[in-house]
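In what follows, a structure is listed as structure tokens, so that the remarks can point back to it.
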Amino acid sequence: MEDCMESFSECLFCKIVKGEIPSQKVFENETVLAFRDINPQAPIHILIIPKRHLESILEINEQDTPLFASIFAAIKQIVAKEGIAERGFRIALNNGPEGGQLIKHLHFHLLGGRQMIGRLG
Ligand code: AMP
Ligand code: ZN
């Protein structure tokens with residue numbers, strides 16, 4: 001448990017939620033935060049995260065349904081504001097080592113503003 005607590009306090013995205021590390025916020029409500037990726041892979045590259053520390057999809061359970069509804073509602077608002085709702089965009093979630101997840105705080109990538117190349121993988 002101590003290890004667990006320690007890793008929360010060290011979590012980069014938890015620090016962003018707490019305002020200990022600056023970020024370019026584009027959306028915030030009680031449970032969700034969205035901010036621009038520091039190393040954008042597209043003209044629009046935004047990360048959408050639950051404010052509560054969840055490491056991965058494996059930690060989600062049924063009680064989290066409202067949280068994920070809120071995340072998708074946030075995405076809808078963000079794409080409208082960024083002007084890419086109709087043009088289209090890609091949502092990606094890297095989960096676990098082979099999924100390419102570097103930051104162990106669950107996050108959705110929103111990529112847009114250019115044609116996405118390839119389909120998946
Ligand atoms: P992933 O590989 O899915 O874990 O993605 C982590 C993402 O976090 C990468 O796209 C990084 O560029 C991004 N990132 C890392 N540090 C920061 C930061 N301080 N602010 C914003 N984005 C960050
Ligand atoms: Zn965290």
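One-based numbering, in listed order, for ligands and for the atoms of each. Below, each value reflects all heavy atoms present in this structure, side chains not excepted, and no hydrogens, waters or symmetry copies. Positions are given from 1, in the same order as the sequence printed here.
In this structure, atom 16 (N) of ligand 1 lies nearest to the protein heavy atom Leu12 CD2, 3.3 Å.
With respect to the Zn ion (ligand 2), His53 has ND1 as its nearest N, O or S atom. Nearest N/O/S atom of His105 relative to the Zn ion (ligand 2): this is ND1.
In the vicinity of Gln101, heavy-atom distances shorter than 4.0 Å reach the ligand 1 atoms 4 (O). Proximity to Leu102 (heavy-atom distance under 4.0 Å) selects the following atoms of ligand 1: 1 (P), 2 (O), 4 (O). When each atom of ligand 1 is checked for a heavy atom of His109 under 4.0 Å away, the hits are 1 (P), 3 (O), 5 (O), 7 (C), 10 (O). Those atoms of ligand 1 that come under 4.0 Å of a heavy atom in Asn39, given as number and element, are 12 (O). Atoms of ligand 1 found under 4.0 Å from any heavy atom of Leu47, numbered from 1 in the order shown, are 8 (O), 13 (C), 22 (N). Close approach of ligand 1 to Gly100 (heavy-atom distance below 4.0 Å) involves ligand atoms 1 (P), 2 (O). Atoms of ligand 1 found under 4.0 Å from any heavy atom of Arg36 (numbered from 1 in listed order, with element): 21 (C). Set against the non-hydrogen atoms of Phe13, the atoms of ligand 1 under 4.0 Å away are 8 (O).
Enclosure of atom NZ in Lys76 is not indicated, since only 12 or fewer non-hydrogen atoms of other residues, nucleotides or ligands lie within 6.0 angstrom.
Contact analysis leaves Gln41 out of contact with ligand 1, as no non-hydrogen atom separation drops below 4.0 angstrom. Residue Lys104 places no heavy atom under 4.0 Å from ligand 1. The closest approach between a heavy atom of Ser23 and any atom of ligand 1 is not below 4.0 Å.
One N or O on the side chain of His107 and one on the backbone of His105 form a donor-acceptor pair closer than 3.5 Å.
Aromatic ring orientation, Phe13 versus Phe35: perpendicular (interplanar angle above 60°, classes split at 30° and 60°).
Glu59 has no carboxylate O lying under 4.0 Å from a charged side-chain N of Lys104, or vice versa, which leaves the two without a salt bridge.
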